[in-house]
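Remember, it's a predicted structure, so these values are computed and weren't measured experimentally. Chain A is the first sequence line, chain B the second, and so forth, proteins listed ahead of strands; every chain is numbered from 1. All heavy atoms count here, side chains included; hydrogens, waters and symmetry mates do not.
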Amino acid sequence: MASDISKDEALERMRHSTAHVLAQAVTELFPGTKLGIGPAIENGFYYDFESEHKFTPEDLPVIEAKMKEIVKARHPFVRSEHDKGEAAKFFLDRGEKYKVELIGALPDEKMSYYENGGFIDLCRGPHVADTGRLKHFRLTRIAGAYWRGDEKRPMLQRVYGLAFNTKDELDAYLKQQEEAAKRDHRKIGKEMDLFSFHDDVGAGLVHWHPKGALMRVLIEDFWRSEHLKAGYDFLFTPHIGRAQLWETSGHLGFYKENMYSPMDIDGMDYYAKPMNCPFHIQVYKTHKRSYRELPLRWAELGTVYRYEKAGVLHGLMRVRGFTQDDAHIFCTPEQIEEEIVRTLKFNLHILRAFGFNDIAAYLATMPEGAVGEPARWAQATASLKKALEAENIPYSVDEGGGAFYGPKIDLKIKDAIAREWQLGTIQFDFNMSERFELSYVGSDGHEHRPYMVHRALLGSLERFYGILVEHYAGWFPLWLTPVQVKVLTLTEGQNAYGQEIRQKLVDAGIRAELDDRNEKIGLKIRETQLKKVPYMLILGANEAANGTVTVRVKSGKNIPDLKIEAVIAALLGEVKSRTAENAYS
RNA sequence: GCCGAGGUAGCUCAGCUGGUAGAGCAAUCGCUUCGUAAGCGAUAGGUCGUGGGUUCGAUUCCCAUCCUCGGCUCCA
């Protein structure tokens, strides 16, 4: 292989060539199939088809077998160039209307084809020398996909595949997928009895069970106490508001698709809130504000309702009713820089407290058709950039990618298996402040428009919780875990001692349960382990006689002859440190 | 919303082309008193997601609808 191309390019080339082989196999197996596009993607490739045949998962092994034949035949990839008109006619004659459309859209005068084993595709290339070089691939699934990603265009059938340079890499990827499946918060949520959804209630509406709710309370308690320390005040605001409010805010103009139909109250329309901002603004406007009281930092765990298309709902990650850890900051232009730095610092502090240390950011700047003065955009954007640099957070800039109402930074974290999740967001809002005509009186005695910053640190509690479950695979840090200690008695002879031990733990503020059933210790351990309780205290005749406990940790290791007071001290230390490291491990 | 696959006991699932359902685990009740991931037995539990239709008869076929899953589009 040529040595002047990078590894990444070679990998992409290989994947793209594999996509061609897929298309060759499909067109041979299902004559009449029309081709869409077939690019290389992360971890593999796909090809879009239009076919009379409805592809099913059973087809995949058949197609894959055909692909292997093609690989074995070592067809060379042969490039040729053609005039645009000629190319259009060529593909038109073959009925390849999608290719014809692509040709029309391409700026080049010359079109290139790649031919392998009689299969010809419009393609810029490059490709590997011959099909024999393609080895470690696997077809994974079939999905519908809009032609050119446009929901108004026809839906094609997409076949996805994986492709890697080596078998080890393919296996490693499959293993990673398996690991991800094991961590799926929907699965763990059921196993650990944390939350549920119900047909009778509706899609995307979460029910937190006792253990999940306890964890949410712990998260909220921490969140609140940190906010007090960080100089925030709290608000509580209603869940519904009159149409007039949403007219003023503009949501009925630009956000209506995401809002639920109004309910009629005394002949007036009320809408469930999709956002908290208009309510916070009402509080701001209850009296004339002076520069002396700014900045105002108002936080609320605000539950909002947004219509999400049925097909996009996904466990806790994408729901229809959720609670944002919202806050709005109102400040003067002089304060903005410091406020942004503070907010970013605070956000990082909170994320790290939950064990997310791999953090990066996206900075999105002014788009076309933005509202608000360019000078304000410039200042706001500069303050965001400055804060990111001050905190040394790696970030990429999405030029023109901001919302029409203001620039923003989105923070994304990497979880334990290196998947990225977007959590916090810090965004300016020039729209609301204009529409509601916010003002404060400056030291000059004149009215000025404050900067309004909207921020969420965790995003939504539901989504954050789902990510937390997957990050820790259910083995939460001790301060968050719903049951910290399970006391297991060996026989009923130790039940009184078990009660005593459990009571001591509970009195010390440790969440402990006692399993004093007449069951074998093996069963009790198994059940406790499956519920992902980090510490078990095993009490048999020996422990009872000596007044000690045996600690069993998840690895299966036992630490015998411990005094309960020493265990309590160690666990309280672990809780206090908020670490994910276990005191006994 | 669109394409595709599903919804059967609390959970995980089986049930070929129509003759009203089964397993394992869990639950309950006994027996067992036991040292590190499932002790033994018995019992109970389902209008087969929901509503229509076809049929002598529907979990099975048709239609509608709700919900779930994998994608597309969109997003906290």
Take atom [atom1] in [N] and the same atom in [M], then report the distance between them in whole Å.
N       : M       : atom1 : value
rU54(B) : rG41(B) : P     : 49 Å
rG15(B) : rU59(B) : C1'   : 9 Å
rG57(B) : rG70(B) : C1'   : 37 Å
rG46(B) : rU55(B) : C1'   : 24 Å
rU28(B) : rU36(B) : C1'   : 28 Å
rA44(B) : rA23(B) : P     : 12 Å
rA38(B) : rC25(B) : C1'   : 9 Å
rA21(B) : rG49(B) : P     : 14 Å

Are OP1 or OP2 of [N] and a side-chain N or O of [X] less than 4.0 angstrom apart?
X         : N       : result
Arg141(A) : rG71(B) : yes
Arg186(A) : rC69(B) : yes
Lys524(A) : rA38(B) : no

Does [N] have a Watson-Crick or wobble partner in any strand here, with both distances under 3.5 angstrom, and which is it?
N       : answer
rU17(B) : none
rU65(B) : rG49(B)
rA23(B) : rU12(B)
rU55(B) : none
rG35(B) : none
rA44(B) : none

At 4.0 Å (heavy atoms only), tell me whether [X] reaches a base, stays on the sugar-phosphate, or touches nothing.
X         : result
Tyr465(A) : nothing
Arg552(A) : base
Ile525(A) : base
His314(A) : sugar-phosphate
Asn542(A) : base
Gly522(A) : sugar-phosphate
Val304(A) : nothing
Asn258(A) : nothing
Gln427(A) : nothing
Ile521(A) : sugar-phosphate
Lys54(A)  : sugar-phosphate
Gln324(A) : nothing
Ala310(A) : base
Leu530(A) : base

key: Interatomic distance, Asp516(A) atom CG to Gln494(A) atom CD [nearest 0.5 angstrom]   = 11.0 Å

query = When rounded to the nearest 0.5 angstrom, what is the spacing between CZ in Arg158(A) and CZ in Phe55(A)?
reply = 13.5 Å

inquiry  = If we count only N and O atoms by modelled type, under 3.5 Å, do the side chains of Thr550(A) and Glu543(A) hold a donor and an acceptor together?
reply    = yes

Taking only the side-chain heavy atoms of [X] (C-beta and beyond), determine which of [options] contains the nearest atom.
X         : options                   : value
Asp199(A) : rU12(B), rG7(B), rG1(B)   : rG7(B)
Asn558(A) : rG70(B), rU33(B), rU36(B) : rU36(B)
Lys190(A) : rC72(B), rG39(B), rC11(B) : rC11(B)
Ser460(A) : rA37(B), rA76(B), rG1(B)  : rA76(B)
Lys309(A) : rC3(B), rG1(B), rC74(B)   : rG1(B)
Phe322(A) : rA76(B), rA37(B), rG35(B) : rA76(B)
Thr491(A) : rC67(B), rG71(B), rU33(B) : rU33(B)

Would you kindly check whether a donor in the side chain of [X] faces an acceptor in the base of [N], or vice versa, at under 3.5 angstrom?
X         : N       : answer
Arg463(A) : rC75(B) : no
Tyr146(A) : rG71(B) : no
Glu308(A) : rG1(B)  : no

Side chain to side chain, Leu505(A) and Leu537(A), heavy atoms closer than 4.5 Å = yes

task = Would you sort out whether Glu527(A) and Lys531(A) count as a salt bridge (charged side-chain N to carboxylate O under 4.0 Å, His left out), showing the intermediate values?
result = CA-CA 6 Å; Glu527(A) 288 185 355; Lys531(A) 292 289 179 195; over 6 Å; no

ask   = Run the salt bridge (charged side-chain N to carboxylate O under 4.0 Å, His left out) check on Glu101(A) and Arg153(A) step by step: do they pass?
value = CA-CA 13 Å; Glu101(A) 183 179 330; Arg153(A) 307 296 303 269; 2.8 Å; yes

Between [Y] and [X], is the closest basic N to carboxylate O distance under 4.0 Å?
X         : Y         : value
Glu420(A) : Lys412(A) : yes
Glu179(A) : Arg183(A) : yes
Lys182(A) : Glu178(A) : no

query = Given that Gly149(A) and Gly459(A) both sit by RNA chain B, which one's nearest nucleotide is further toward the 5' end?
reply = Gly149(A)

key: Residue whose closest nucleotide on RNA chain B lies nearer the 5' end, Leu423(A) versus Gly202(A)   = Gly202(A)

task = Grab the CZ-P distance between Phe464(A) and rA76(B) for me, whole Å please.
result = 17 Å

ask   = Run the salt bridge (charged side-chain N to carboxylate O under 4.0 Å, His left out) check on Arg455(A) and Glu339(A) step by step: do they pass?
value = CA-CA 11 Å; Arg455(A) 53 110 274 210; Glu339(A) 281 307 304; over 6 Å; no

request  = Could you go through the salt bridge (charged side-chain N to carboxylate O under 4.0 Å, His left out) check for Arg306(A) and Glu462(A) one step at a time?
outcome  = CA-CA 14 Å; Arg306(A) 297 183 186 173; Glu462(A) 287 75 7; over 6 Å; no

inquiry  = Using a 6.0 Å distance limit plus a 45 degree cone around the ring axis, check whether Arg138(A) lies over the aromatic ring of Tyr160(A).
reply    = no

ask   = Ring-on-base stacking between Tyr160(A) and rG71(B), under 5.5 Å between centres and under 30° between planes: is it there?
value = no

Protein-nucleotides 45-48 of chain B N/O pairs closer than 3.5 Å?
none

